[in-house]
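Sequence lines set the chain letters: A, B, ... in the order given, protein chains first and strands last, and positions in each chain run from 1. Any value given below was found using the heavy atoms of this structure, including those in side chains, with hydrogens, waters and symmetry copies removed.
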There are 2 protein chains.
Amino acid sequence: MCKPWVMAADIDFLPRGACSIAASLELVGERWSLLVIREVAWGNHRFSDIVRGTGAPRDRLAARLSALVAAGVLEKRPYSDSPPRSGYHLTAAGRDLLPVLQALLQWGDRWARDEPAVRLSHAPGGTAEHPIDAEWVCRTCGRPVMESRVSRELTPAGRALAGLPITEEHAHEH
Amino acid sequence: MCKPWVMAADIDFLPRGACSIAASLELVGERWSLLVIREVAWGNHRFSDIVRGTGAPRDRLAARLSALVAAGVLEKRPYSDSPPRSGYHLTAAGRDLLPVLQALLQWGDRWARDEPAVRLSHAPGGTAEHPIDAEWVCRTCGRPVMESRVSRELTPAGRALAGLPITEEHAHEH
DNA sequence: CTCCCTCGGTTCGATTATCCAACCAACGAG
DNA sequence: CTCGTTGGTTGGATAATCGAACCGAGGGAG
């Protein structure tokens with residue numbers, strides 16, 4: 001029995017950059033980026049709030065913020081006309097990063113410290129409030145992803161990125 | 001109505017380092033680290049395999065590998081006696097990072113490129129193989145986490161990290 | 001009007017990390 | 001003995017990061 005998530009695939013090595021993990025890290029993998037997203041998600045929208053919440057140097061923070069705006073993860077929204085000031089808010093793409101933060105939070109709670117320092121709770125649909133202990137579940141079959149064998153396959157788009165030939169053989173193989 | 005994951009909490013600013021997200025990034029947030037985990041998870045255990053798979057410079061890779069071993073995320077396991085060679089494998093902590101990779105993969109598929117380059121499939125419990133489209137679901141109530149309001153609260157351990165007083169008031173408040 | 005404060009950044013110089021090519025040691029094959 | 005493979009190190013150039021100081025537009029108090 002093979003470990004979950006470790007399985008032979010139709011390829012040995014992904015071409016560099018073909019993997020969406022690498023593509024994501026290209027956009028949000030630099031230092032402070034994810035902590036900035038966390039601060040904004042937690043309601044700290046102003047420059048000085050984010051400085052205080054992350055502890056990042058101001059110049060790095062300014063650089064990250066404009067990079068994240070350029071990447072479409074954050075947007076600048078004015079909150080005062082005089083003096084003209086604006087804060088940062090999550091776009092749809094930014095909100096979609098929250099699972100990444102949730103995953104990092106859960107991992108850190110478990111492996112990076114003795115006791116969690118922050119507890120997250122929710123009360124979905126009127127149920128009683130309770131702490132969150134989340135797992136990845138496949139929307140298609142409803143089963144936890146991490147407990148099953150996973151296989152990976154290079155798509156035609158991936159082959160194109162890789163500069164590999166897109167053959168009938170590959171288009172049909174499984 | 002407040003956006004999910006954006007909600008008032010009992011604290012305005014988390015002390016730096018109190019948050020497990022920051023603690024996680026401290027261990028695996030540096031460049032190449034998560035790509036190394038990806039390679040190892042995908043079955044590339046040897047130094048030269050990981051060089052090829054990630055494209056990282058050899059010296060950076062050596063540094064990351066020993067850091068990840070020191071952090072308890074990877075372990076070195078010999079695969080040949082003569083010549084004495086060893087490869088890198090995921091520990092339990094390392095396998096627990098896979099949700100982070102899954103989250104980054106899904107985000108990248110959606111926001112960082114036109115078409116996914118790699119398709120992940122699984123066939124849990126003898127069902128037919130199908131692509132993975134996963135979401136975070138609370139183990140307690142079975143509901144998707146991202147669709148409900150989430151509140152955060154500093155635990156006593158978090159207060160201690162923050163240097164804040166641990167009062168009865170705070171221990172009981174909600 | 002003047003002085004001082006806040007906010008959202010920039011600028012500067014020093015430190016640190018990263019990159020890349022070359023090198024090295026251990027071993028096996030031929 | 002030489003060659004190729006593997007798993008790294010080393011050295012020097014380049015780029016990112018840091019921390020503190022600075023700046024400019026605008027209040028508000030006096």
*Quick check: are there more than 12 heavy atoms from other residues, nucleotides or ligands sitting under 6.0 Å from CZ of Arg119(B)?*
no
*Between dG9(C), dG26(D), dG28(C), which nucleotide gets closest to the side-chain atoms of Ala62(A)?*
dG9(C)
*For the side chain of Tyr88(B), starting at C-beta, report the closest nucleotide among dG8(D), dT10(C), dC7(C).*
dG8(D)
*Below 4.0 angstrom from OP1 or OP2 of dT5(D), is there any side-chain N or O of Ser48(B)?*
no
*Does a donor on one side chain sit under 3.5 Å from an acceptor on the other, for Ser151(A) and Glu129(B)?*
yes
*asked:* Is the phosphate of dT6(D) approached by Ser80(B) (side-chain N or O, under 4.0 Å from OP1 or OP2)?
replied: no
*With respect to the phosphate group of dT18(C), does any side-chain polar atom (N or O) of Arg60(B) fall under 4.0 Å of OP1 or OP2?*
yes
*Within the structure, does a side-chain N or O atom of Arg64(B) lie under 4.0 Å from either OP1 or OP2 of dT18(C)?*
yes
*Return the 5'-most residue of the pair Arg85(A), Asp59(A) with respect to DNA chain D, ranking by each residue's nearest nucleotide.*
Asp59(A)
_Just to be sure I follow the notation: if a pair is Watson-Crick (purine N1 to pyrimidine N3 plus N6-O4 or O6-N4) or a G-U wobble (N1-O2 and O6-N3), each under 3.5 Å, what dot-bracket string does DNA chain D give, with | for pairs to another strand?_
||||||||||||||||||||||||||||||
_Using side-chain contact (heavy atoms from CB on, under 4.5 Å), reason through Cys19(B) and Trp42(A) one step at a time and then give a plain yes or no._
CA-CA 12 Å; Cys19(B) 172; Trp42(A) 285 2; 4.1 Å; yes
*asked:* Tell me whether the side-chain N/O atoms of Arg58(B) come closer than 4.0 Å to OP1 or OP2 in dA21(C).
replied: no
*asked:* Can you see whether Asp109(B) engages Ser20(A) through a side-chain donor-acceptor pair at a distance of less than 3.5 angstrom?
replied: yes
Between N or O atoms, less than 3.5 Å apart, protein on one side and nucleotides 28-30 of chain D on the other: list the pairs.
none

_dT17(D) OP1/OP2 closer than 4.0 Å to side-chain N/O of Trp32(A)_ = no
